[in-house]
Amino acid sequence: MMRRVLKEFLIVSFLVAAAATVAFGVNVTYDHRALVIDGKRRVLVSGSIHYPRSTPDMWPGLIQKSKEGGLDVIETYVFWNLHEPVKNQYDFEGRKDLVKFVKLVADAGLYVHLRIGPYVCAEWNYGGFPLWLHFIPGIVLRTDNEPYKAEMKRFTAKIVGMMKDENLYASQGGPIILSQIENEYGNIDKDYGPAAQTYIKWAASMATSLDTGVPWVMCQQKDAPDPIIDTCNGFYCDGYTPNSKNKPTMWTENWTGWFLSYGGAVPYRPVEDIAFAVARFYQRGGTFQNYYMYHGGTNFGRSTGGPFIATSYDYDAPLDEYGAPRQPKWGHLKELHSAIKLCEDALVATDPTSTSLGNNLEAGVYKTSSTCAAFLANYDTKNDATVTFNGNSYHLPAWSVSILPDCKNVVFNTAKINSVSTVRRFVGANVGNQLTSSNEISSDWSYVSEPIGISSNNAFKRRGLVEQINTTADQSDYLWYSIRANIDGDESKSVLHVKSLGHVLHLFVNGELAGSAIGNANNPTVSKDIPITLKPGINKLDLLSLTVGLRNYGAFFDTTGAGVTGPVELEGLKNGSTIDLSSMRWTYQIGLKGEGLGLDTGGSTLWVSGVPKSQPLTWYKTNFDAPSGDNPIAIDLSGMGKGEMWVNGQSIGRYWPAYLAPNSGCSDCSYKGPYSSSKCLKGCGKPSQKLYHVPRSWLKPSGNIMVLFEEIGGDPTQISFTTQVLQSLCSQVSESHPSPTESWSQDKSTRKRKQDPKVSLECPHPNQVISSIKFASFGTPQGQCGNFTHGKCKSDNALSILQNACIGLKTCSVGVSTSTFGDPCVGVVKSLAVEASCE
Ligand SMILES: *[C@@H]1O[C@H](CO)[C@@H](O)[C@H](O)[C@H]1NC(C)=O
Ligand SMILES: *[C@@H]1O[C@H](CO)[C@@H](O)[C@H](O)[C@H]1NC(C)=O
Ligand SMILES: *[C@@H]1O[C@H](CO)[C@@H](O)[C@H](O)[C@H]1NC(C)=O
Ligand SMILES: *[C@@H]1O[C@H](CO)[C@@H](O)[C@H](O)[C@H]1NC(C)=O
Ligand SMILES: CC(=O)N[C@H]1CO[C@H](CO)[C@@H](O)[C@@H]1O
């Protein structure tokens, strides 16, 4: 019977995949259990990939790996400020080619969830809003305000219209089965008063009136009006119930990790916990969940929000920043998805019933006369348990769920990882044909010194201090605040007290960097006393204030403001007085001189040969050859301070290797127990980010131009190229824990000989073969991929058996049993751990 179910499942999923590419309309609706596609309820697994966070040449690979990882749906936001940087001037080229991205997803046979927003949060600059919105008279964003609603409607209709013109909605034969309007508004709507409710009603009816033929959702919006489905975001959503008995339980953001901020350590989330959260969600009635992110990618240019969001948006997602499967996360979730899909018939047939199996133990069962699937959960944070279910006994590790697609055989447990793991490292790369011994990327540098203080003829004077975002309109990160102070005597022990809304400021006194003040992601404002030395007569005080991504979250986040808003006071003078400079006459300059001259593309005749070190406010330029091979490239900016980098005129993003994560807060983290964004951190005491993604498609073989603008002083000769290599491919399989497929086949054919579990290795790159077995042990090996050690019990022949079976092959497979290896310790449960390398 099981075999029939499996076969039917395969046929159905094949037909569905095929249907997505065929150009006839499908009818997408929903009921209280699920999305209903052409009359059939579906259990769907979705993942977020934001198209501008990678390059178009990466898209097909990312989508393919998502499909292989078991996703049915790709979700993306639509980024308004990217597409309409100037009002009524649209841009859908290159990384902004939304239509191309949606079509590529369709080509792969996957569905699309298009989250238009147009407020998107997403750690994206200003939450995705174009800054020009802020300057529309009378506008108040995200509330019942006519000027705002007119713009929101115009942009939403524009995107819907584009999709319709290309027949991309499922109702037209395209891949889009779902769309989102607004985003997490329910988290903050109280602050907008009664207007919040009328706004949400308006947004719902505006979206519905666009007549896409597919359902709309609102996430974190308990009062989402019919027919909009309210959906859940969070690390866990198993307790979620939609606001109507007619709506399905859907999870639009399950955070697979967390974003990185400059000044913070690197967050990660153990896959056992993600798998637990997902299994619990489907156990308790969910039928659609989306990984946020499945591929995080890179915040190129000045696209980060925050403030202080780093350029890497890796997110510890199943596909890493560079697009490679992060193992065992990707593989373990892939196995989870196939286990859930084996339950699909039962999940869509009925509602779950929940039964306690003891303290913190729960069975969720979907049972009809013809089908049965069960999820057995142990949500105890410490203790393993053995439970009895339907007369059979099951071992449940703490904080885990076992999935039984036939209510009998366990095909998957969220805490037991059978997937291969890999270690990928960034290693020094060959540039051109030779590996320069120092890894120097070039010996041929030139530079331009950015003038300190006012240099442009668009400078202007104002009495008092101005707010920065209103002033720059985010045309640049930089705003100069400049003033002259007339001092009677020699003031060698004075102090400038300065307060700023953030995010960073550098103080120059008479042309020298005197000090900096730096906010952080939790509190971007700064208040600092900077010791300075003043000379008799006129002293030049220049404050360079800068933003590091505009705020993207919170009620009225768009009006938070930035810059030196004061007070600015001279203290510590010999005569004991304090001089308040705040309301005096200041001179302002928006942006840097070099920005106006187009130095970022390498143009201009100002470049002079040389590479001054530790010099603030310096533009550097060099030519370089692309690192050879086709592995992803990261540039190691150790040695640099803070600034922005461009390659062939494309911005790699803001860099800031000088901003270190705190020394504490990183410790071994257990997957057991509720996760939070600060639970699992690594990289304490190190730069939050030192490696920066340089997309291959932006490079030519030789003659590439790199430009850096360094704010605080760095040493470009320390910069090096690295490429991502697969260092190790590992697998560890226990003789007592057969993998899902094996236990499945046992049940299907009881007469078939019980199969041994197998260790299977496969080099991910098509041109590679297994070149060495670095470690193999059958017995009680310990440690992890890259770090295995023999246990007390080990057979002597494991290494040679693996070498014979694998070396020179792209893929190999070895049975894990005493019949292959002999029995080094009778009565003890043994496992085989292997570490290999591919070349
Ligand atoms: C779409 O499906 C719904 C419910 O399954 C049904 O009521 C409706 O008539 C269908 N619409 C079309 C155009 O087939
Ligand atoms: C104190 O010294 C400063 C700096 O020389 C000067 O500008 C200011 O007028 C002095 N104040 C008084 C009260 O003398
Ligand atoms: C920006 O300018 C507007 C209009 O003058 C003003 O209402 C607002 O408070 C200013 N924003 C900040 C953050 O100062
Ligand atoms: C290897 O394992 C040891 C002990 O289990 C641990 O202390 C060490 O940090 C590990 N090293 C790596 C690179 O994981
Ligand atoms: C912003 C948000 O929704 N945060 C939630 C994420 O999930 C955790 C755990 O469920 C909640 O505690 C947060 O409130």
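First listed ligand is number 1; within each ligand, the first listed atom is number 1. We're numbering straight along the sequence, starting at 1. On a predicted model such as this, the values are computed, not experimentally measured, just so you know.
Protein heavy atom in closest approach to atom 7 (O) of ligand 2: I579 CD1, 3.6 Å. Closest to atom 4 (C) of ligand 2 among all protein heavy atoms lies I487 CD1, 3.8 Å. Of the protein's non-hydrogen atoms, the one nearest atom 6 (C) of ligand 2 is D488 OD2, 4.0 Å. When only non-hydrogen protein atoms are considered, atom 13 (C) of ligand 2 lies nearest to N575 ND2, 4.3 Å.
The OG1 atom of T525 sits 8.5 Å away from atom CG of N520, with the distance rounded to the nearest 0.5 Å.
A search for ring pair (Phe, Tyr, Trp, His ring centres under 6.0 Å) contacts involving F259 returns nothing, not counting sequence neighbours.
Between E644 and R654, none of the side-chain N atoms (NZ, or NE/NH1/NH2) sits under 4.0 Å from a carboxylate O, so this pair counts as no salt bridge. A salt bridge between D316 and R269 is absent, with no side-chain N of the basic residue lying under 4.0 Å from a carboxylate O of the acidic one.
Atom numbering of ligand 2 starts at 1 in the shown order; those under 4.0 Å from a heavy atom of S577 are 1 (C), 10 (C), 11 (N).
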Scan the side chains in residues 563-573 for donor-acceptor partners under 3.5 Å anywhere in the protein, sequence neighbours excluded, and list what turns up.
none

